[in-house]
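Sequential numbering from 1 along the given sequence is applied to the chain's residues.
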Amino acid sequence: MFPVIEKDVIPSWLFMSLQDDLKSMELNNRAEPGAPIFWGMSKGEAAGKNTLLMCMTYAMNYTQRHVPYRIKYLDTMVNGATANQAAGRFHVDTVPPYYGPDFPTITAILYTSPMWDVQWGGETVIKTPDETYSYCTYIPNNLAIFPSTWEHYGSSPNEACPVLRTSLGFRFEVCYNSPIAR
């Protein structure tokens with residue numbers, strides 16, 4: 001079932017509008033102490049952006065298709081990487097202990113760079129519970145969806161890439177007390 005890739009998630013006008021918000025990214029964020037620095041936006045810059053909220057709504061609607069329970073929005077992660085930048089480490093977006101029979105939250109990563117050549121790399125690597133790896137190719141306006149408890153990281157682009165690799169990660173809580181009749 002997971003990971004799932006959805007294509008052409010947000011309308012082109014919104015995708016292009018999002019590029020204005022992503023121009024304020026800076027190389028100043030760390031996922032955890034000692035981790036490599038990566039590109040991102042401060043919470044103050046990212047919070048309250050109508051464009052990001054509209055993108056989240058589309059991501060949530062696509063994500064809901066793959067979960068038999070209602071989901072609710074928790075947070076947004078803004079990420080970027082340049083050619084040959086130190087790659088992120090495997091991490092999870094939700095750490096046990098948690099509640100629920102399967103997984104507590106879902107991560108949905110929207111690939112947001114307007115121009116991309118798949119030969120530049122930048123894929124998302126996901127380690128599944130059965131110890132296999134899935135590679136989600138970075139394609140603009142695609143959405144990679146998987147449980148937030150699965151280890152994953154975004155690969156940095158290779159030396160041929162002349163642009164910043166950007167993405168938005170949305171986290172949604174699975175509401176196990178609210179099944180969807182299908």
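- When the side chains of ILVMFWY residues are joined at heavy-atom separations under 4.5 Å, either directly or via intervening members, Leu14 and Met115 end up in two distinct hydrophobic clusters.
- Remark: Arg70 CZ to Lys72 NZ distance equals 13.5 Å, nearest 0.5 Å.
- Remark: Arg171 does not engage Asp93 in a salt bridge, criterion side-chain N to carboxylate O under 4.0 Å.
- The aromatic ring centres of His152 and Phe146 sit less than 6.0 Å apart.
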Carefully, step by step, assess Phe170 and Met60 under the rule side-chain contact (heavy atoms from CB on, under 4.5 Å). CA-CA 8 Å; Phe170 302 104; Met60 185 173 182; over 6 Å; no
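- Residues Pro3 and Cys136 have side chains in contact (heavy-atom distance under 4.5 Å, counting atoms from C-beta outward).
- Residues Ile106 and Ile5 do not share a hydrophobic cluster, defined by chaining ILVMFWY side chains whose heavy atoms lie under 4.5 Å apart.
- Between the side chain of Asn158 and the backbone N or O of Gln119, at least one donor-acceptor pair lies under 3.5 Å.
- Of the possible donor and acceptor atoms, none in the side chain of Gln19 sits under 3.5 Å from a partner among the backbone N and O of Met16.
- Contact of the Thr107 side chain with the Ile109 side chain is registered, since non-hydrogen atoms from C-beta on lie closer than 4.5 Å.
- Between the side chain of Asn141 and the backbone N or O of Ile10 there is at least one donor-acceptor pair closer than 3.5 Å.
- Closest approach of Asp8 to Tyr62, counting heavy atoms only: O-OH, 3.7 Å.
- Taking every heavy atom of both residues into account, Cys175 and Tyr69 meet most closely at O-CB, 3.4 Å.
- Side-chain contact, Ser167 with Thr112: no donor N or O sits under 3.5 Å from an acceptor N or O.
- Rounding to the nearest 0.5 angstrom, the gap separating the CD1 atom in Ile145 from the OG1 atom in Thr63 is 4.0 Å.
- For the residue pair Thr124 and Tyr111, a side-chain donor N or O sits within less than 3.5 Å of a side-chain acceptor on the partner.
- Between the side chain of Arg165 and the main chain of Gly122, a donor-acceptor pair closer than 3.5 Å is present.
- Leu74 and Met56 fall into different hydrophobic clusters, where Ile, Leu, Val, Met, Phe, Trp and Tyr residues are linked whenever their side-chain heavy atoms come under 4.5 Å apart, directly or through other members.
- Note: the hydrophobic cluster containing Met77 does not contain Leu22 (ILVMFWY, side chain heavy atoms under 4.5 Å, direct or indirect links).
- Checking side-chain atoms of Tyr138 against main-chain N and O of Ser113 turns up a donor-acceptor pair under 3.5 Å.
- Classification of the Trp120-Trp116 ring pair by plane angle, with boundaries at 30° and 60°, yields perpendicular.
- Put simply, the side chain of Gln64 gets close to the backbone of Ile71: a donor and an acceptor are under 3.5 Å apart.
- One finds the CD1 atom of Ile126 at 10.5 Å from the OG1 atom of Thr132 (value rounded to the nearest 0.5 Å).
- Interatomic distance, CD1 of Ile180 versus CZ of Arg65, reported as 12.0 Å (0.5 Å rounding).
- The shortest heavy-atom contact between Phe172 and Ala108 is CE1-CB, 4.0 Å.
- Note: Glu123 CD to Ser134 OG = 12.0 Å, rounded to the nearest 0.5 Å.
- Classified by interplanar angle (parallel below 30°, tilted 30° to 60°, perpendicular above 60°), the ring pair Tyr133/Phe90 is tilted.
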Can Phe15 and Ser17 be said to form a side-chain contact (heavy atoms from CB on, under 4.5 Å), step by step? CA-CA 6 Å; Phe15 191 79; Ser17 179; over 6 Å; no
Assess the residue pair Ser156 and Asn84 against the criterion (side-chain contact (heavy atoms from CB on, under 4.5 Å)); give the C-alpha distance rounded to whole Å, side-chain angles, the decisive distance to 0.1 Å, and a yes or no. CA-CA 6 Å; Ser156 295; Asn84 293 329; over 6 Å; no
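- Residue Glu6 holds its CD atom at 11.5 Å from CG of Leu110, rounded to the nearest 0.5 Å.
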For Ile139 and Val118, what are the C-alpha separation, side-chain angles and deciding distance, and is it a side-chain contact (heavy atoms from CB on, under 4.5 Å)? CA-CA 7 Å; Ile139 297 176; Val118 296; 4.1 Å; yes
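- Listed here is the closest heavy atom pair of His91 and Arg89: ND1-O, 3.1 Å.
- A donor-acceptor pair under 3.5 Å is absent between the side-chain atoms of Thr105 and the main chain of Glu173, judged by distance alone.
- The shortest side-chain heavy-atom distance between Leu168 and Leu52 falls under the 4.5 Å cut-off.
- Between Trp150 and Phe2, the ring-plane angle classifies as perpendicular under the 30° and 60° cut-offs.
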